[in-house]
Amino acid sequence: LQYYISYRLKIIRVRPFNHIGPRQSAGFVVSDFAKKIADIEKGRMDPILRVGNLEAKRDFTDVRDMVRAYNFLIEKGEFGEVYNIGSGVSHSISEILGILLSFSKIKIKVETDHLLLRPEDAQDRLCNNKKFVELTGWKPSIPIEKSLKDTLDYWRNID
């Protein structure tokens with residue numbers, strides 16, 4: 001914002017919420033779960049998934065929808081403005097894990113690992129995308145189930 005105000009640079013600010021999808025690196029909750037499920041299916045791990053807080057809720061949007069959103073922003077966004085981009089729907093980590101496990105070819109036990117719990121974890125991160133949607137008409141088109149399945153399949157195909 002300061003560069004826009006001071007130098008009139010053509011800057012559009014974005015507050016993107018959680019991106020998910022195939023090719024996301026492990027270390028992010030969805031991709032990390034998917035990789036571990038794929039590793040369990042390949043026999044590389046015991047069929048136990050250790051997890052942290054499953055009650056937290058996050059606004060997840062498929063990266064392919066996010067790219068479309070960024071394109072809309074380039075076309076229609078106003079310089080100096082800030083836009084929240086996300087689905088506008090939050091899902092608990094428990095729900096996300098449940099969907100991923102429903103795609104698993106093997107029964108997997110879930111155990112809470114207290115070392116994975118954060119000292120403080122925001123309970124619900126939900127994107128208010130109203131300003132962006134009104135400007136562009138954008139809305140996500142890829143269902144969460146497809147994003148999760150595609151992410152799991154990506155890790156299944158990695159040797």
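Every heavy atom of this structure was used, including side-chain atoms; hydrogens, water molecules and symmetry mates were not.
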With sequence neighbours left out, write down each residue that passes salt bridge (charged side-chain N to carboxylate O under 4.0 Å, His left out) with Glu95, or none if nothing qualifies.
->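 Expected list: none.
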Does Arg58 have any salt bridge (charged side-chain N to carboxylate O under 4.0 Å, His left out) partners at least two apart in sequence or in another chain, and if so, which?
->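 Testing Arg58 for salt bridge (charged side-chain N to carboxylate O under 4.0 Å, His left out), a comparison that skips the adjacent residues, returns Asp121.
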Would you compute the distance between atom [atom1] of [X] and atom [atom2] of [Y] and round it to the nearest 0.5 angstrom?
{"X": "Met66", "Y": "Asn71", "atom1": "CE", "atom2": "CG", "answer": "12.0 Å"}
{"X": "Leu49", "Y": "Lys109", "atom1": "CG", "atom2": "NZ", "answer": "12.0 Å"}
{"X": "Leu73", "Y": "Tyr70", "atom1": "CG", "atom2": "OH", "answer": "9.0 Å"}
{"X": "Phe79", "Y": "Tyr4", "atom1": "CZ", "atom2": "OH", "answer": "8.5 Å"}
{"X": "Ser94", "Y": "Ile99", "atom1": "OG", "atom2": "CD1", "answer": "10.0 Å"}
{"X": "Leu101", "Y": "Phe33", "atom1": "CG", "atom2": "CZ", "answer": "8.5 Å"}

Examine Ile40 and Tyr154 and state if one hydrophobic cluster contains both, with Ile, Leu, Val, Met, Phe, Trp and Tyr joined whenever side-chain heavy atoms are less than 4.5 Å apart.
->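 Shared cluster, no.
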Contact between [X] and [Y] at the side-chain level, heavy atoms closer than 4.5 Å - yes or no?
{"X": "Lys57", "Y": "Leu126", "answer": "no"}
{"X": "Val29", "Y": "Ile20", "answer": "no"}
{"X": "Ser104", "Y": "Glu41", "answer": "yes"}
{"X": "Asp62", "Y": "Lys146", "answer": "no"}
{"X": "Phe103", "Y": "Asp153", "answer": "no"}

Nearest heavy-atom pair of Ser31 and Ala26: which atoms, and what distance?
->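 Smallest heavy-atom distance, with atoms named: OG-N, 3.9 Å.
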Do side-chain atoms of [X] reach the backbone of [Y] as a donor and acceptor pair under 3.5 angstrom?
{"X": "Arg68", "Y": "Lys139", "answer": "yes"}
{"X": "Asp46", "Y": "Ile48", "answer": "no"}
{"X": "Gln24", "Y": "Thr151", "answer": "no"}
{"X": "Asp65", "Y": "Ser141", "answer": "yes"}

Considering only Ile, Leu, Val, Met, Phe, Trp and Tyr, and joining two whenever side-chain heavy atoms are under 4.5 Å apart, list the other residues clustered with Ile74.
->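 Besides Ile74, the hydrophobic cluster comprises nothing; the residue is isolated.
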Other cluster members, Ile142 - Ile/Leu/Val/Met/Phe/Trp/Tyr, side-chain contacts below 4.5 Å |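 In the cluster with Ile142 there is nothing else; it is isolated.
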Count the heavy atoms belonging to other residues, nucleotides or ligands that lie under 6.0 Å from CZ of Arg13, then report whether that count exceeds 12.
->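 Atom CZ in Arg13 is crowded, with more than 12 foreign heavy atoms closer than 6.0 Å.
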Please table the atom pairs, donor to acceptor, closer than 3.5 Å between any side-chain atom in residues 81-88 and protein atoms at least two apart or in another chain.
from, atom 1, to, atom 2, distance (Å)
Glu81, OE1, Lys131, NZ, 2.6
Tyr83, OH, Glu78, N, 3.0
Asn84, OD1, Arg15, NH1, 3.1
Asn84, ND2, Asn128, O, 3.1
Ser87, OG, Asp59, OD1, 2.6
Ser87, OG, Val89, N, 3.1
Ser87, OG, Val89, O, 3.1

With sequence neighbours left out, write down each residue that passes ring-ring contact (aromatic ring centres under 6.0 Å, His included) with Tyr3, or none if nothing qualifies.
->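 Partners of Tyr3 by the ring-ring contact (aromatic ring centres under 6.0 Å, His included) criterion, ordered by chain and then number, come out as Tyr7.
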Only one of Ile93, Leu97, Asp32, Asp113 clears side-chain contact (heavy atoms from CB on, under 4.5 Å) with Val51; which?
->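 Only match with Val51 under side-chain contact (heavy atoms from CB on, under 4.5 Å): Leu97.
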